[in-house]
Amino acid sequence: MPQIKSTPQKDDNFWEKVVQVVKQIPEGRVSSYGAIASFLGLTKSARMVGYALNNCKHIQHEVPAHRVVNRNGLLTGKHNFEGNSMQEKLMAEGILVEKDQVVNFKSLFWNPEELIK
DNA sequence: AGTCTGACGGTAT
DNA sequence: AATACCGCCAGAC
């Protein structure tokens, strides 16, 4: 469980929602911070998604945070993982990474909106 | 209380 | 096409 430190009221549990969504990312697919933020109704707060994952890094083993990259497919969060484990985890799922960037990102991209369907 | 810093993204130059 | 800036907002100082 992520530690929610913000005030209980405004607390929409954004962090938890982020975790829930990220958990739904299928293996071998990737998504972006912006897409998740948008899906949660905070279109302009993509940074908060990364921030949330950072907050939840202690449960990283349950959250495929490595499948979340920025809108260009760039592994911007790489340095938050040990060594280059982010890339390694992606590669292990068959996702090609070249120069810190997901190859064929556009077709591997998974939009949270698919959850609704 | 003021300032700075991000696992970002869009717009302007 | 490449930078530069700006909005976003919770935390750390």
Which atom pairs, one a donor and one an acceptor, fall under 3.5 Å between side chains of residues 29-40 of chain A and the rest of the protein, sequence neighbours left out?
residue, atom, partner, partner atom, Å
A:Arg29, NE, A:Leu108, O, 2.9
A:Arg29, NH2, A:Phe109, O, 2.8
A:Ser31, OG, A:Trp110, O, 2.8
A:Ser32, OG, A:Ala35, N, 3.1
A:Tyr33, OH, A:Val68, O, 3.2

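Listed by chain and residue number, A:Arg67 satisfy the salt bridge (charged side-chain N to carboxylate O under 4.0 Å, His left out) test with A:Glu93 (two or more places apart in sequence, or in another chain).
Both A:Ile59 and A:Val21 are assigned to one and the same hydrophobic cluster, defined by single-linkage of ILVMFWY side chains at heavy-atom distances under 4.5 Å.
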Verdict with reasoning, A:Leu75 to A:Leu90, per side-chain contact (heavy atoms from CB on, under 4.5 Å)
CA-CA 10 Å; A:Leu75 276 56; A:Leu90 289 173; 3.9 Å; yes
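A donor-acceptor pair under 3.5 Å is absent between the side-chain atoms of A:His66 and the main chain of A:Val63, judged by distance alone.
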Close N/O contacts between protein and nucleotides 6-13 of chain B (under 3.5 Å):
residue, atom, partner, partner atom, Å
B:dG6, N9, A:Arg47, NH2, 2.9
B:dG6, N7, A:Arg47, NH2, 2.5
B:dA7, N7, A:Gly50, O, 3.3
B:dA7, N7, A:Asn54, N, 3.4
B:dA7, N3, A:Tyr33, OH, 3.0
B:dC8, OP1, A:Thr76, OG1, 3.4
B:dC8, N4, A:Arg47, NH1, 3.3
B:dG9, OP1, A:Gly34, N, 2.8
B:dG9, OP2, A:Arg71, N, 2.7
B:dG10, OP2, A:Arg71, NH1, 3.0

